[in-house]
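Taking it in order: structure first as structure tokens, then the write-up.
Ligands are counted one by one from 1 in listed order, and the atoms in each one are counted from 1 as well. Everything numeric in this text was worked out from a predicted model, so none of it was measured. Basis for what follows: all heavy atoms, side chains included, without hydrogens, waters or symmetry-related copies.
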Amino acid sequence: MILLVLNVGSSSIKYAVFDGEKRLFDGLIEKIGDSEFSNHEFALNKIDDELSEKNISVDAIVHRVVHGGNISETKIIDDEILKVIKDCCDLAPLHNPHELNAIEICKKFDVPQVAVFDTAFFANLPRKAITYALPQELTDNNNIKRFGFHGSSHKFISENFSKGKTISCHLGSGCSVSAIDNGNPVDVSLGFSTLDGVVMGTRPGSLDSGILLCLLEKGHSLDELKDILYNKSGLKGISRISNDMRTLLDSNDDNAKLAIDVFVYSVQKFIGAYAAALNGLDTLAFTAGIGENSAIIRKRICENLTYLGLELDDNKNNNNEEIISTENSKVKVAVLKTDEELIMAREALNIL
Ligand code: ADP
């Protein structure tokens with residue numbers, strides 16, 4: 001069975017074509033709307049052209065869907081699932097609307113479409129990890145709980161380290177840290193929405209809720225707050241320069257340095273918290289754009305983890321090797337290229 005796996009973002013589409021679990025090829029279209037790719041339909045047509053050129057006809061299209069509310073199992077997309085994805089747009093505005101748009105466009109290919117939810121891996125988190133300390137009538141009536149995201153990526157990491165206590169750090173444009181015990185997730189820093197947890201490119205991570213009350217009282221509208229929280233905060237908000245870690249690392253600006261300091265500190269704090277949640281740590285794994293590529297950020301994050309017996313091998317770290325800890329380190333430190341598309345293909349094959 002030939003699968004086209006799509007990971008659609010606001011201005012990019014990552015895609016991979018699988019024959020069963022075998023990856024045939026993949027690609028990335030970036031800067032949609034700001035390049036020869038004027039919109040997502042144009043980009044998807046380009047992928048279709050590439051398939052035709054390669055003489056490949058697809059049996060199903062698999063979509064990464066970030067938020068599906070209470071639906072986290074992989075599903076064939078029908079009107080009901082489309083409605084669920086639509087209803088969750090407010091909770092994942094950087095993702096769901098674009099995924100929905102891609103699903104609508106892909107209807108013309110006339111093959112089954114499958115949704116693999118980012119929340120799936122976290123569907124059975126312990127109650128103490130998913131419960132927010134708010135009046136429970138309120139949380140029950142509004143389905144407020146920790147859903148967790150980046151599930152396919154953390155699942156990929158967990159499958160590589162299925163034994164022992166693992167902390168998986170997905171550090172890309174969106175960032176999250178997850179605590180995994182013998183392959184079972186026990187906590188994750190992203191929560192009810194995609195705003196929680198560690199500092200991200202344009203999102204702030206965990207915030208004192210009093211700050212939002214203050215901004216509301218000062219007259220900021222709901223739309224303004226959404227824009228601030230999803231698009232103007234995080235690395236971009238602190239640095240006032242960029243949401244892109246490479247740009248900040250290349251900069252001598254004090255605000256860029258501060259943004260990196262705050263980012264590193266926020267990841268360190270989650271690792272410390274999750275080492276406590278797991279009562280120990282065997283493996284610390286880094287993945288996604290920053291995690292896979294930035295030796296300096298990995299080094300800085302690991303600096304305050306020597307109390308766990310973690311020792312980094314600088315040479316291995318600088319060479320982006322798969323294991324970057326010393327032989328004597330009590331914690332194995334790993335760098336893995338995440339393969340969300342493979343996890344998604346497997347999920348889809350299970351139901352097709
Ligand atoms: P997305 O969530 O969009 O898939 P990625 O996983 O591609 O994001 O991660 C994007 C982030 O990774 C950006 O902040 C980018 O600057 C950062 N990044 C990529 N390569 C490097 C590198 N060599 N050094 C530091 N940061 C990097």
Centroid-centroid distance, His67 to His95, less than 6.0 Å: no
Contacts of type side chain to side chain contact (heavy atoms under 4.5 Å, CB included), residue Tyr132, not counting sequence neighbours: Leu134, Ile144, Arg146, Phe192, Asp196
Charged N-O contact under 4.0 Å between Glu50 and Lys54: yes
Salt-bridge contact Lys86-Glu104 (side-chain N to carboxylate O under 4.0 Å): no
salt_bridge(Lys332, Asp282) N-O dist < 4.0 Å: no
Under-4.0 Å salt bridge between Lys226 and Asp90: yes
Under 4.0 Å from ligand 1, counting heavy atoms only: the protein residues, by chain and number: Lys14, Gly172, Ser173, Gly174, Asn243, Asp244, Met245, Arg246, Leu249, Ala288, Gly289, Ile290, Asn293, Ser294
